[in-house]
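Here the structure is laid out as structure tokens; the discussion comes afterwards.
Letters A, B, ... mirror the listed sequences (proteins, then strands); counts begin at 1. Below, all heavy atoms of this structure are taken into account, side chains as well, without hydrogens, waters or symmetry copies.
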Amino acid sequence: MPSYLPASIEPKWQAFWESNKTFKTVTDATKPKYYILDMFPYPSGAGLHVGHPEGYTATDILARYRRMLGFNVLHPMGWDAFGLPAEQFAIETGTHPRATTERNINNFRRQIQSLGFSYDWDREVDTTNPGYYKWTQWIFLLLYETWYDQAGKRGRPISELPIPPTVAAEGDCAVRQFIDSKRLAFQAEIPVNWCQVLGTVLANEEVIDGRSERGGHPVIRIPLKQWQLRITEYAERLIDDLDLVDWPDSVKKMQREWIGKSDGAEVVFPALGPLGQTETIRVFTTRPDTLFGATYMVLAPEHPLVDSLTYPSQKVIVNTYREQTSRKSDLERTDLAKTKTGVFTGAFAQNPVNGVKIPIWIADYVLSGYGTGAIMAVPAHDERDFEFAQTFGLNIVTVVQPTEAWLEKTGSTRENLTEAYSEMGEVIASEEFNGLDSLTCKARITDWLAAKGLGKKRIHYKLRDWLFSRQRYWGEPFPLMHEIDQAGNYTGRIDPVDIEDLPLQLPELEDYKPSGRPEPPLGKAIDWVVVTKKGRSYRRELNTMPQWAGSCWYYLRFIDPQNPNAFLETEEEKHWMPVDLYVGGAEHAVLHLLYSRFWHKLLYDRGYVSHAEPFQKLVNQGMILGETEYTGFKVNGAWVSAKEVDFDGGVARLKKKHIETDKIRLAEEMVEKKGEFFVLREDVNIRIDSRAYKMSKSRGNVINPDEVVNAFGADSLRLYEMFMGPLEATKPWSMRGVEGVFRFLGRVWRLFVDERAESVGLSPAVNSEPAEKETLRLLHKTIQKVTDDLDGMRFNTAISAMMEYTNYLTPLASKPRAALEPFILLLAPYAPHLAEELWSLVGNQKSLAYEPWPKADRTLLVADTIEIPVQIAGKIRARLAVPPGLSHEELKAAALADPKIQALMIGKSIQKAIIVLDKLVNLVVA
RNA sequence: GCUGGAGUGGCGGAAUCGGCAGACGCAUCGGACUUAAAAUCCGAAGGGUGGUAAUCCCCCCGUACGGGUUCAAGUCCCGUCUCCAGCACCA
């Protein structure tokens with residue numbers, strides 16, 4: 001019985017593509033290029049889950065489609081294989097991370113290849129391969145050898161850095177320090193996020209709510225000397241150049257907010273210390289227009305002036321407060337946001353605009369890491385300051401006139417606000433600035449301050465420099481050496497490893513466990529650490545790079561993956577860049593994409609790449625959830641309605657009483673829908689919880705693609721993932737849905753193959769007779785629809801169209817090749833194995849991978865008759881079967897000739913007739 | 001709290017520009033084929049405790065909820081609710 005058996009078709013064609021190098025990409029300048037890229041995976045030990053192939057299938061379909069359209073397509077795949085999980089796993093199991101990484105990569109490759117993606121495997125890259133990380137290290141050195149010219153707004157070679165004469169006069173050591181302080185890769189002692197459990201520092205971006213993004217371990221702030229990358233220099237361009245790319249607005253917005261540009265002024269407040277000394281407090285404000293409303297100041301508890309400004313009488317209370325806050329984690333500091341805390345230092349500052357004396361407080365709602373770590377507080381116009389002023393009974397002075405509507409809504413008066421008025425408005429109680437609108441006043445007051453030397457215009461960013469060093473083993477070693485003198489002490493001189501000595505390979509280590517202290521494990525590689533070069537002795541830099549390093553530039557290496565002499569060849573770069581379409585998960589909206597853009601801009605400034613932005617179009621695929629679960633609740637064996645229960649997927653508790661309830665997983669047959677909710681079939685008063693959850697090992701709802709391929713084949717998996725819904729949407733898995741598309745592929749198979757025959761062969765119904773007019777019309781309609789939907793990445797509706805066409809063809813006794821063969825080509829990007837099999841079955845020798853894409857003939861799309869609904873007062877009362885292309889008058893006449901309409905028109909007259917050609921007739925009657 | 005996105009049959013979803021709501025698929029039901037079952041093929045189906053002898057046909061209601069604009073609203077406007085995601089003392 002020659003039924004549709006993917007298990008016999010799919011491996012055959014995968015082997016064919018591999019041995020014929022069908023998808024090997026050769027740069028061809030005579031064709032338009034199309035670079036279509038997936039976010040390469042981290043090869044975890046768990047293997048592929050069904051979320052991975054969602055994006056991969058979408059890009060594969062488009063890659064295959066573009067090839068058929070005659071594009072020179074680059075579609076590569078590789079591995080982001082450095083990083084914490086491999087190392088954690090290695091530590092737990094005692095296997096070397098290289099071994100587990102290799103095993104995981106092999107498993108991922110096997111799984112990905114079993115899905116029939118058309119990657120050019122000759123271009124595979126692996127970030128842990130020394131041939132790859134040689135160039136990661138090379139780019140790091142480029143950062144090290146670059147300074148940012150703010151005037152020219154670009155990174156330039158460090159050799160071009162102008163040395164101020166005063167520095168030059170101080171000698172070589174001062175010059176070296178000056179240069180080091182300007183490099184884009186630099187060392188600084190700063191408070192960093194230290195994670196004890198992971199034994200490493202983490203970037204701000206890797207810390208979520210005071211815990212590590214990976215593993216959720218607690219993170220504390222300690223000062224450490226660390227390597228950083230000066231991404232802040234690129235802040236402005238990273239914002240501005242978002243205008244150049246076709247990305248989802250949400251991602252652009254997230255990046256803009258992460259960079260967090262705010263425009264304002266830095267203002268200087270003189271303050272009187274306890275010893276009679278005058279200290280200068282610098283604050284940053286975005287609202288200099290409210291300066292007259294500043295009634296107190298707040299320093300972050302960590303602010304350097306706190307000690308010298310605290311009066312003896314306040315010493316104890318201030319020190320106690322500082323100690324308390326230092327013990328709080330970032331998490332606790334934000335969690336306790338509801339009530340503001342703080343203490344008075346005893347000192348007063350002078351408001352520079354009106355000379356008023358205002359008290360200086362310390363409070364942990366002011367962050368040491370942002371702006372200057374100090375603020376002028378304007379309680380009338382800032383919510384946080386208002387709350388603080390209320391708590392401690394501080395003055396509130398209104399300097400922007402609230403609108404009447406606002407005063408009424410909040411029950412405030414100008415003199416007595418019930419909450420802060422943070423809108424712009426007319427400036428009042430501000431002497432010479434009265435009557436201006438906030439925006440004008442902001443500029444005027446800034447100019448006024450600048451003229452008096454009391455302040456200046458200032459732009460601040462939330463973005464911090466990128467903490468780039470990690471105290472872990474499984475990462476790229478820094479290609480830097482610290483000189484030591486004969487006694488073994490550091491001289492302060494740092495030299496890069498010579499380009500010809502790259503890659504600087506990771507040393508073999510027996511024990512790569514983090515020590516739990518900030519000393520990196522690489523220090524244990526005694527022989528590796530000490531180097532003598534050109535008569536100088538060095539100790540190597542012991543930190544390794546974060547996982548992001550390798551993924552920052554992999555899209556460039558794919559263009560020229562084996563090049564031993566350069567990270568990529570210029571002409572190749574010019575041909576292929578930028579990436580035309582980049583598809584991946586939304587979880588990389590900030591981190592990976594921001595870091596990559598930063599590195600790309602460095603390479604652009606230094607002349608190694610030809611575009612300012614690497615990724616022209618970006619699409620985030622949505623998450624695939626597990627199968628929908630129906631959950632009922634029981635207490636002491638008795639059903640409880642879901643409306644009585646608090647349940648978010650984990651523990652279920654009775655509302656108010658906090659009694660934990662039993663959770664019962666229910667089969668679909670046991671529940672039914674009643675109104676808005678699902679209820680128990682046996683007792684419709686019991687409401688049931690119904691939802692789909694994120695796939696996770698602990699929930700046990702993970703779908704392994706291998707199982708799906710074994711049961712239904714790769715084509716069914718691909719097709720189902722695309723048929724589920726729009727690519728960007730979050731959607732629940734359904735194994736029955738996979739079965740549905742499998743049945744569809746079976747129907748396609750049977751269009752060609754007679755299942756009742758002895759062996760696989762073309763069905764006798766398939767013939768070379770000309771196709772009927774209606775068949776051709778539907779074929780071309782399908783071609784049109786599938787093509788349009790591919791261009792718009794609406795894969796689900798394209799598949800629907802192909803299903804409809806198949807449903808039309810199935811009952812036909814005669815199946816002309818002219819109706820079938822173009823259809824194989826339409827299906828090919830989605831179900832390539834089946835399509836190749838059918839293509840060869842109808843007599844082709846070659847793969848269809850480069851067959852020209854079918855073109856819709858518009859002249860064949862016109863139907864003989866179309867149906868026109870006729871409405872009376874907006875309600876459909878009749879349908880007309882008419883030829884297309886009738887005029888307004890003809891349509892109106894046809895509608896009025898309809899017996900049903902005539903019956904309804906008795907005793908009525910037409911007020912107005914709305915006629916949309918070939919669409920509808922609507923009669924407004926009286 | 002702020003900022004996005006979403007809410008359509010039993011389920012996933014479609015309706016691309018304001019013009020026939022529910023395409024396509026799943027689940028369900030009926031029929032054909034079969035000794036029987038599976039598979040396959042053909043067909044039905046939003047709801048109505050509305051009219052009718054009737055499965056034909058007609059009528060009413062229906063895109064989270066309440067209003068509005070329009071000849072016409074899932075689609076546009078105003079307000080409310082719920083869910084998802086991101087951000088969260090950034091001065």
Side-chain angles (χ1 to χ4, degrees), chain A residues 1 3 208-209 248-251 253-254 257-258 260-262 264 283-287 290 298 333-334 336-338 340 363-367 369-378 381-385 387-388 460-463 586-587 589-590 622-623 628 668-669 671-673 676 678 690-692 720 723-726 728-741 743-744 746-747 750 755-756 788-789 792 794 796-804 806-807 810-811 867-876 879 900 911-916 919-925:
Chain A
M1 282 292 159
S3 55
I208 314 280
D209 292 336
D249 287 341
S250 59
V251 175
K253 200 168 156 56
M254 275 157 81
E257 276 172 10
W258 189 266
K261 181 179 178 175
S262 42
V283 303
F284 174 68
T285 177
T286 54
R287 294 293 301 273
T290 62
V298 185
R333 266 172 86 153
T334 45
L336 297 170
K338 274 145 206 132
K340 296 246 179 316
D364 66 0
Y365 84 90
V366 173
L367 308 174
Y370 185 75
T372 60
I375 60 155
M376 63 174 212
V378 186
H381 305 294
D382 182 283
E383 219 177 290
R384 298 149 300 177
D385 296 344
E387 209 183 300
F388 191 80
H460 253 290
Y461 299 94
K462 272 199 270 186
L463 184 69
E587 66 274 18
V590 180
M623 206 194 315
T628 303
E668 216 180 318
E669 307 81 64
V671 300
E672 63 184 30
K673 188 102 176 221
E676 223 181 311
F678 277 91
S690 147
R691 51 180 288 198
Y720 174 64
F723 186 59
M724 289 170 87
E728 299 89 338
T730 303
K731 37 210 179 262
W733 185 266
S734 156
M735 211 48 105
R736 280 178 174 154
V738 187
E739 219 176 317
V741 295
R743 278 203 284 265
F744 161 64
R747 282 163 77 85
R750 287 186 295 275
E755 287 203 315
R756 282 160 302 189
D788 289 350
D789 283 352
R794 292 179 297 267
N796 54 334
T797 48
I799 294 168
S800 296
M802 291 190 282
M803 287 174 168
E804 285 181 74
T806 305
N807 291 346
T810 295
E867 198 184 67
I868 305 276
V870 182
Q871 301 178 329
I872 292 178
K875 290 192 172 159
I876 294 165
R879 291 166 202 281
K900 275 188 212 147
Q911 215 73 11
K912 196 173 164 189
I914 290 121
I915 290 156
V916 183
K919 277 266 163 145
L920 114 167
V921 175
N922 186 6
L923 304 173
V924 185
V925 298

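The line from OG1 of A:Thr286 to NZ of A:Lys261 is 13.5 Å long, rounded to the nearest 0.5 Å.
With its glycosidic angle within 90° of 0, B:G9 is assigned syn. Because its glycosidic torsion is within 90° of 0, B:C17 is reported here as syn.
Summarising the geometry, the separation between CD on A:Glu739 and P on B:G25 is reported as 15 Å, rounded to the nearest angstrom. Atom NZ in A:Lys875 sits roughly 11 Å away from atom P in B:A72 (whole-Å rounding). Distance, A:Arg750 CZ to B:C33 P: 19 Å, rounded to whole Å. Between the CD atom of A:Glu804 and the P atom of B:G22 there is a distance of 13 Å, given to the nearest Å. Rounded to an integer number of Å, the gap from A:Met803 CE to B:A23 P is 14 Å. Put simply, NZ on A:Lys731 is 17 Å from C1' on B:G7, counting in whole angstrom units. If you take CD of A:Glu387 and C1' of B:C89, they are 9 Å apart, rounded to a whole angstrom.
Here A:Asp249 lies out of heavy-atom contact (under 4.0 Å) with every strand. Note on A:Gly371: nothing from the nucleic acid sits closer than 4.0 angstrom, heavy atoms only. Residue A:Leu920 is in base contact, counting any heavy-atom pair closer than 4.0 Å across all strands shown. At the heavy-atom level, A:Arg747 lies under 4.0 Å from the strands shown only through sugar-phosphate atoms. Using a 4.0 Å heavy-atom cutoff across all strands shown, A:Lys900 reaches sugar-phosphate atoms only and no base atom.
Counting only heavy atoms from C-beta on, A:Leu367 has its side chain closest to B:A91 among B:G19, B:G12, B:A91. In this structure, of B:C60, B:C20, B:C11, it is B:C20 that holds the atom nearest to the side chain of A:Glu867. Of all nucleotides listed (B:C11, B:C89, B:C20), B:C89 comes nearest to the side chain of A:Lys340.
For B:C20, its base never sits under 3.5 Å from the side chain of A:Lys919 at any donor and acceptor pair.
Here B:U80 sits opposite B:A64 as a Watson-Crick or G-U wobble pair (both hydrogen-bonding atom distances under 3.5 Å).
Using atom P as the reference point in both B:G79 and B:A23, the two lie 35 Å apart (nearest Å). The P atoms of B:A6 and B:U75 are separated by 13 Å, rounded to the nearest whole Å.
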